[in-house]
Amino acid sequence: MKNNKPIKISGAEAVIRSLLAEGVDLIYGYPGGAIMPIYDELYKFQDSLQHILTRHEQGAAHAAQGFARASGRVGVAIATSGPGATNLVTGIADAQIDSTPMVCITGQVASHLLGSDAFQETDIIGISTPVTKWNYQITKASEIPYILAKAFYIAKSGRPGPVLIDITKDAQFEKINFKYEHCIGIRSYKPVPDLDIDSIKDAAEIINNAKKPMIVWGQGVILGKAEELFKQFIETSGIPAVWTILGLSAIPTSHPLNKGMVGMHGNYGPNILTNECDVLVAVGMRFDDRVTGDLENYAKQAKVIHFEIDPAEINKNVYADVAVLGDCRDSLEKIIPMIKKGSHVSWINRFDSLMEIENEKVIKKDMFPKKEGLTMAESIKAINKYTKGDAIIVTDVGQHQMVTCRYANFIKSKSNITSGGLGTMGFALPAAIGAKMGAPNRQVIAVIGDGGYQMTIQELATIFQNKTAVKIVVLNNDFLGMVRQWQQMFFDKRYASTKMLNPDFVAIAKGYYLDAERVSKRNELDAAVSRMLSSDKPYFLEICVEKEANVFPMIPTGASVSDIRLS
């Protein structure tokens with residue numbers, strides 16, 4: 001959009017008009033002294049730009065993340081200087097490692113006070129540099145339109161990520177002649193590498209000659225909007241495909257070539273067969289340590305083909321025999337015509353036979369326990385029954401996250417929203433708020449552990465104030481469950497600081513005027529989940545689960561994927 005008639009306005013108004021020019025209609029934040037001029041303009045533009053007052057700046061960042069992940073748009077969070085800005089940092093770091101497009105705007109003390117240790121001054125540029133894709137401090141109002149246009153371009157282009165723009169208070173008051181132009185390119189910044197047709201031909205030849213190939217896909221398939229092409233790729237090649245937790249939901253969980261999750265708590269077959277395949281095709285994933293385990297014993301027998309948009313990820317952890325750089329949508333579009341129709345029946349049967357072993361030793365015990373206590377897996381099974389896989393499920397980190405990723409059913413992309421690389425407790429509740437606002441016509445369910453829930457529990461007020469119809473499920477085992485599991489397995493059951501003395505969660509939810517209930521018996525679970533999911537209001541459900549249950553399979557830290565344990 002070009003505005004060819006400049007208008008004289010304040011820097012603060014220029015911020016609002018720049019956001020509107022970028023198509024932003026919803027932002028999350030918390031006011032304070034250094035950002036007050038921008039909030040004053042927000043008040044004037046509230047019919048065009050909705051501001052959601054979270055109860056903590058970390059909540060604003062996570063909500064912006066959830067909005068971005070559910071909608072595919074850039075999330076926006078704003079905060080004041082000092083503690084307001086630093087409270088955003090956890091969400092920014094989470095967005096950076098999980099490649100979430102987000103623009104954060106912080107207020108700053110007046111430019112003449114910079115470096116003087118003024119009230120609520122902090123060097124947010126220095127603090128955020130390691131966890132942003134780009135950041136910049138504005139001290140002159142004239143910079144605002146250009147810098148914000150650049151911020152949005154950088155945040156959403158190539159491999160997405162968070163950008164932070166810090167604006168001094170005097171720049172917010174200063175008058176400028178405002179004209180906005182979208183950024184369409186930056187010299188020296190090449191967000192998408194050029195496709196190399198020779199590397200695509202090399203990859204196709206290896207794939208066509210493979211006897212025991214395996215595809216591992218990650219979030220790059222979703223970020224690249226390549227879900228349909230990816231589905232066509234695996235169906236044409238006939239290759240079994242497995243996923244990282246951020247790749248989950250790119251294709252339906254019921255797809256016959258979807259063979260489950262890789263990694264520390266992934267499925268037995270995909271992990272074992274990583275070290276038996278002859279070709280490993282990685283699509284939009286970065287070989288994170290939670291996926292690879294011991295790198296010295298990871299897929300050494302396989303030729304590795306890596307489809308990746310970020311050159312920095314090539315050969316960073318796992319050597320690629322063929323690197324296919326570029327946007328995976330473009331790469332898949334080019335390679336599919338080169339792929340021969342494939343069938344790997346005996347190899348796929350190997351996955352299925354290992355799944356039968358896992359089913360007997362783990363899944364049946366999780367889903368159909370003979371014990372009296374409820375399991376986390378039963379809770380997810382009940383949710384599956386009523387959603388039919390057509391819901392967005394948001395988790396943060398821990399046992400509840402691994403169980404949800406293992407057992408939740410999905411039929412649509414952008415349905416699994418979780419804190420992957422950073423593993424942030426407290427992510428799920430505010431991220432679910434953002435997800436519901438980003439996809440208002442979809443059912444959004446936050447599945448949270450009792451520990452992480454209490455880190456951002458104040459965002460219940462945001463839900464109440466905005467009547468955001470998220471459904472909150474707390475799987476309460478009265479422990480920091482994942483840490484306790486490690487203490488049990490590797491620290492001789494020394495449960496140091498993992499036992500939780502929890503409050504009355506139902507009473508707290510009702511204190512925020514939410515419908516709420518608690519279940520602890522198997523015969524109560526189904527009806528409670530039905531009541532929650534049939535409500536058109538926000539709803540809180542506490543499910544009291546076994547206190548010392550563990551999540552299996554599991555690869556011990558530092559072990560090979562072949563060392564995966566079923567008990």
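Values in this document were obtained by computation on a predicted structure and should not be read as measured data.
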Rounded to the nearest 0.5 Å, what separation is found between the NZ atom of K156 and the CZ atom of R73?
10.5 Å

Could you tell me whether K340 atom NZ has more than 12 heavy atoms of other residues or ligands within 6.0 Å of it?
no

Locate the shortest heavy-atom distance separating N384 from N409; write the atom from each residue and the value.
OD1-N, 3.0 Å

Grab the two heavy atoms, one from S331 and one from F307, that are nearest each other, plus how far apart they are.
CB-CD2, 3.7 Å

Please identify each residue that fulfils side-chain contact (heavy atoms from CB on, under 4.5 Å) with P440, with sequence neighbours left out.
none

Before giving the answer on salt bridge (Lys or Arg N to Asp or Glu O under 4.0 Å), spell out for E333 and R329 the whole-Å C-alpha distance, their side-chain angles and the decisive distance to 0.1 Å.
CA-CA 6 Å; E333 197 168 46; R329 183 183 178 89; 5.7 Å; no

Below 4.5 Å, heavy atoms only, C-beta onward: do I239 and I234 meet side chain to side chain?
no

Any side-chain heavy-atom pair from F368 and I363 closer than 4.5 angstrom?
no

Donor-acceptor list for residues 215-227 side chains, cut-off 3.5 Å, not counting sequence neighbours:
| unit_1 | atom_1 | unit_2 | atom_2 | d |
| --- | --- | --- | --- | --- |
| W217 | NE1 | G247 | O | 2.8 |
| Q219 | NE2 | D98 | O | 2.8 |
| E227 | OE2 | S413 | OG | 2.6 |

Any donor-acceptor pair under 3.5 Å from T418 side chain to G420 backbone:
no

Electrostatic pair R350-E276, nearest N-O below 4.0 angstrom:
yes

Donor-acceptor contact present, side-chain T375 to main-chain E378, <3.5 Å:
yes

Closest non-hydrogen contact found for N275 with S562 is ND2-OG, 2.7 Å

Applying side-chain hydrogen bond (donor to acceptor under 3.5 Å, both in side chains), name anything that partners Y407, two or more places apart in sequence or on another chain.
D366

Whether the side chain of H265 engages the backbone of C405 through a donor-acceptor N/O pair (distance < 3.5 Å, no angle test) should be reported.
no

I'd like to know if E356 pairs up with K361 as an ion pair, taking the criterion as any Lys NZ or Arg NE/NH1/NH2 lying under 4.0 Å from an Asp or Glu carboxylate oxygen.
no

Going by the rule side-chain contact (heavy atoms from CB on, under 4.5 Å), which residues pair with Y189 if we only count those two or more places apart in sequence or in a different chain?
K133, Y153, I154, S157, I186, P191

Are Q301 and T274 close enough that some pair of their side-chain heavy atoms sits under 4.5 Å apart?
no

Among residues at least two apart in sequence or on other chains, which ones pass side-chain contact (heavy atoms from CB on, under 4.5 Å) with E235?
K231, H255

Quick note, salt bridge (Lys or Arg N to Asp or Glu O under 4.0 Å) partners involving residues 399-414, not counting sequence neighbours, are E358-R406, D390-K412

Any side-chain to backbone donor/acceptor pair from D166 onto I124? Under 3.5 Å, distance only.
no

With a 4.5 Å heavy-atom cut-off, do Y136 and K150 have their side chains touching?
no

Take H306 and F287 through the ring-ring contact (aromatic ring centres under 6.0 Å, His included) test and state the conclusion after the steps.
CA-CA 10 Å; H306 195 176; F287 292 109; 5.1 Å; yes

Look at the side chain of D396 and the backbone N and O of G426, then say whether any donor-acceptor pair between them is shorter than 3.5 Å.
yes

Over all heavy atoms of both residues, which pair between A439 and I392 is shortest? Give the atoms and the distance, please.
CB-CD1, 3.8 Å

Rounded to the nearest 0.5 angstrom, the CG-CD1 distance for D294 and I555 is 10.5 Å

Strictly by side-chain hydrogen bond (donor to acceptor under 3.5 Å, both in side chains), give each pair with a member in residues 193-211 just once, sequence neighbours left out.
K190-D194

Flag the pair I245 / M261 as yes when at least one side-chain heavy-atom distance between them is below 4.5 Å, and no otherwise.
yes

Rounded to the nearest 0.5 Å, what separation is found between the NZ atom of K212 and the CG atom of L280?
13.0 Å

Distance check, rounded to the nearest 0.5 Å: Y298 atom OH versus S560 atom OG?
10.0 Å

Taking atom types as modelled, find out whether Y386 and Q443 have a side-chain donor-acceptor pair closer than 3.5 angstrom.
no

Taking F410's backbone N and O only, do any of them form a donor-acceptor pair with T253's side chain (distance below 3.5 Å, no angle check)?
yes

Hey, are D288 and R290 close enough for a salt bridge, meaning a charged N less than 4.0 Å from a carboxylate O?
no

According to side-chain hydrogen bond (donor to acceptor under 3.5 Å, both in side chains), who are the partners of N441, at least two apart in sequence or on a separate chain?
none

Identify the two heavy atoms, one from F351 and one from P270, that lie closest to each other, and give their separation to 0.1 Å.
CE2-CA, 4.1 Å

Hey, is the main chain of I125 close enough, under 3.5 Å, to the side chain of N135 for a donor-acceptor pair?
yes

Can you confirm whether I197 sits close enough to M338 that some side-chain heavy atom of one is under 4.5 Å from a side-chain heavy atom of the other?
yes

For A391 and I445, which heavy atoms make the closest approach, and how far apart are they?
CB-CD1, 4.1 Å

Close side-chain approach of I357 and L566, heavy atoms under 4.5 Å:
yes

Under 3.5 Å, side chain of N271 to main-chain N/O of N267, donor-acceptor pair present?
yes

Within this structure, what is the CG-CD distance for the pair L164 and Q137, rounded to the nearest 0.5 Å?
10.0 Å

For N315, enumerate each residue passing the side-chain hydrogen bond (donor to acceptor under 3.5 Å, both in side chains) test, keeping only those at least two apart in sequence or located in another chain.
none

The side-chain hydrogen bond (donor to acceptor under 3.5 Å, both in side chains) partners of D321 (sequence neighbours excluded) come to none

Return the CG to CD1 distance between D330 and I200, rounded to the nearest 0.5 Å.
8.5 Å

Answer whether the closest heavy-atom distance between the side chains of V394 and R69 falls below 4.5 Å.
no

Restricting to pairs with a member in residues 419-434, which pass salt bridge (Lys or Arg N to Asp or Glu O under 4.0 Å), not counting sequence neighbours?
none

With sequence neighbours excluded, residues passing side-chain contact (heavy atoms from CB on, under 4.5 Å) with D310:
R159, E308, A312, E313

Heavy-atom donor-acceptor pair, T468 side chain to V470 backbone, under 3.5 Å:
no

